[in-house]
Amino acid sequence: MVRENHTAFSEFILLGYSDAPNLQVLLFAIFLFIYADIILGNGLIIYITLTDPALHTPMYFFLRNLSFVEICYTSVTLPKMLENLVVEKRSISFLDCAAQIYFPLVLGGTECLLLTAMAYDRYTAICNPLHYRLIMNKRFCSGIVTGSLIFNLSAHAGQTYLVFTLPFCGSHEINNLFCDISPLLELACADTYINHVAVFVASTVFIIIPFFLILASYVKIISAILRIPLIGGQKKVFSTCSSHLIVVSLFYGSAMMVYLNLGSKKSQDFNKLISLFYTVLVPMFNPIIYTWRNREVKVSLGKLFTKNS
């Protein structure tokens, strides 16, 4: 089947927003600005959490890895999107398309597990503070990050293999800005039931279960916060969780709308917009959210800019 796919054609065409030719230059400028902002914002988060001793805690260790994942995530898709906005032929090779599916799945799954780990970190700090340093030690945190990456690398290799062993013997135009499972399955001229089952299982493991673990953590956290006698104390504790809650809401909300609605032909344009949201806009917003809502990050950035001024 793989040989049949390659002999039938060697590339896909990414339609993107080709139906709006007058907007190509504007979209290129917007996406270029967003990509630069993602690199700069997440790069700053990585730098300050590495260089400022005050940020050498488990929460910022996970945040640093999250920022690194965001940079890698957008670097897989955005450069090709920018190229396709300025060239007439919006093609992508078979192998590059496979890479655009595999690596975002790996990085997106890793991000889901990192967000879950950050929720567990907040749960432990607020609900079990006396054992926090014992539980959230360096070895445990490093193991979570490494284990998440290894698990995703192996799990999504099978997912990608299932997609690219399908015969694509009809149209090779992908109605999206980048290669994604949903529009690609629409091009297959074979039964995709197994693929949909695989997507559902992956969505359950990497989206639904982590989401409910995060939800359970915050039920416990909110219950503990409400038992704090002083209103000011409640606000201070909750402020440490609000940034994470906002990021979780943005990322999981958009990801669920796409992957749990897979196969709905009526919603292709909607899925295109939502997938753009969680692959481009969420990585751009994350550094802003963590800086805006986090006093320690603000102080660290202030020290950095004062030192270099």
Side-chain angles (χ1 to χ4, degrees), residues 32-76 78-79 103-104 106-126 129 131-150 152-153 214 236-248 250-251 279-309:
L32 183 61
F33 172 79
I34 290 174
Y35 188 40
D37 187 73
I38 290 170
I39 299 296
L40 178 61
N42 286 286
L44 272 175
I45 294 292
I46 293 171
Y47 180 78
I48 62 173
T49 54
L50 280 172
T51 58
D52 191 341
L55 302 183
H56 290 176
T57 64
M59 181 173 71
Y60 295 110
F61 171 77
F62 290 129
L63 178 58
R64 177 167 66 249
N65 282 277
L66 182 66
S67 292
F68 178 73
V69 166
E70 298 283 31
I71 291 174
C72 295
Y73 194 96
T74 52
S75 295
V76 176
L78 254 175
F103 289 109
V106 170
L107 295 165
T110 302
E111 181 165 353
C112 290
L113 298 181
L114 282 175
L115 289 171
T116 308
M118 293 172 78
Y120 180 69
D121 172 76
R122 292 300 83 206
Y123 162 77
T124 307
I126 294 169
H131 297 91
Y132 176 73
R133 292 186 178 276
L134 181 64
I135 296 171
M136 302 301 295
N137 57 69
K138 187 176 181 180
R139 183 178 179 181
F140 177 72
C141 294
S142 299
I144 289 178
V145 174
T146 305
S148 298
L149 184 59
I150 292 173
N152 276 279
L153 285 169
I214 292 171
K236 183 179 179 180
V237 174
F238 188 74
S239 67
T240 64
C241 305
S242 57
S243 301
H244 181 252
L245 272 173
I246 295 171
V247 170
V248 167
L250 291 172
F251 181 80
T279 56
V280 176
L281 296 183
V282 171
M284 182 184 72
F285 287 143
N286 281 358
I288 299 171
I289 293 168
Y290 278 109
T291 303
W292 172 51
R293 301 291 300 175
N294 194 302
R295 181 180 174 275
E296 290 174 316
V297 173
K298 286 182 181 178
V299 170
S300 183
L301 286 171
K303 289 190 293 186
L304 174 65
F305 293 135
T306 301
K307 180 180 177 181
N308 293 328
S309 61

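In this text the structure is predicted, and so the values were computed from the model without any measurement.
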All pairs passing salt bridge (Lys or Arg N to Asp or Glu O under 4.0 Å) where residues 32-48 contributes a residue, at least two apart: none
Which heavy-atom pair separates L55 from Y60 by the least distance, and what is that distance? O-CB, 3.1 Å
To the nearest 0.5 Å, atom OG1 of T49 lies from atom CD of E296 at 12.0 Å
Work out which heavy atom in P283 is nearest to a heavy atom in N42; give both atom names and the distance. O-ND2, 3.1 Å
T74 meets the side-chain hydrogen bond (donor to acceptor under 3.5 Å, both in side chains) criterion, sequence neighbours left out, with none
Identify, with sequence neighbours excluded, every residue that meets side-chain hydrogen bond (donor to acceptor under 3.5 Å, both in side chains) alongside E70. N286
Pairwise distance CD1(I39) to CD1(I34) - rounded to 0.5 angstrom: 12.5 Å
Please collect all salt bridge (Lys or Arg N to Asp or Glu O under 4.0 Å) contacts where either partner lies in residues 39-55, sequence neighbours excluded, each pair once. D52-K303
List for me each residue that meets side chain to side chain contact (heavy atoms under 4.5 Å, CB included) alongside F140, sequence neighbours excluded, and say none if there are none. Y120, M136, N137, I144
If you measure from CZ on R133 to OG1 on T57, what distance do you get to the nearest 0.5 Å? 9.0 Å
Which residues satisfy the side chain to side chain contact (heavy atoms under 4.5 Å, CB included) test with F103, sequence neighbours excluded? V76, A99
Quick one: closest heavy-atom pair of P104 and Y73, and the distance? O-CE1, 3.3 Å
L50 to H56 - nearest heavy-atom pair and separation: O-NE2, 2.9 Å
Could you check whether atom OH of Y35 has more than 12 heavy atoms from other residues, nucleotides or ligands sitting under 6.0 Å from it? yes
About how many Å separate CD1 of I46 and CZ of R64, when rounded to the nearest 0.5 Å? 8.5 Å
Residues pairing under salt bridge (Lys or Arg N to Asp or Glu O under 4.0 Å) where one sits in residues 109-120, two or more places apart or in two chains, turn out to be none
Pairing residues for L149 by the side chain to side chain contact (heavy atoms under 4.5 Å, CB included) criterion, not counting sequence neighbours: V106, T110, L153
Report the residues that fulfil side-chain hydrogen bond (donor to acceptor under 3.5 Å, both in side chains) with T51, sequence neighbours left out, ordered by chain and then residue number. none
Shortest non-hydrogen contact from I38 to I71? O-CG1, 4.2 Å
Does any part of the side chain of V247, heavy atoms only, come nearer than 4.5 Å to the side chain of F285, both counted from C-beta? no
With sequence neighbours excluded, tell me which residues meet side-chain hydrogen bond (donor to acceptor under 3.5 Å, both in side chains) with D121. Y132
CG of L301 to OG1 of T306, rounded to nearest 0.5 Å, is 10.5 Å
Atom CG in L63, atom CD1 in I45: separation rounded to 0.5 Å? 5.5 Å
The criterion is side chain to side chain contact (heavy atoms under 4.5 Å, CB included); which residues satisfy it with A119, sequence neighbours excluded? I214, S217, Y218, H244
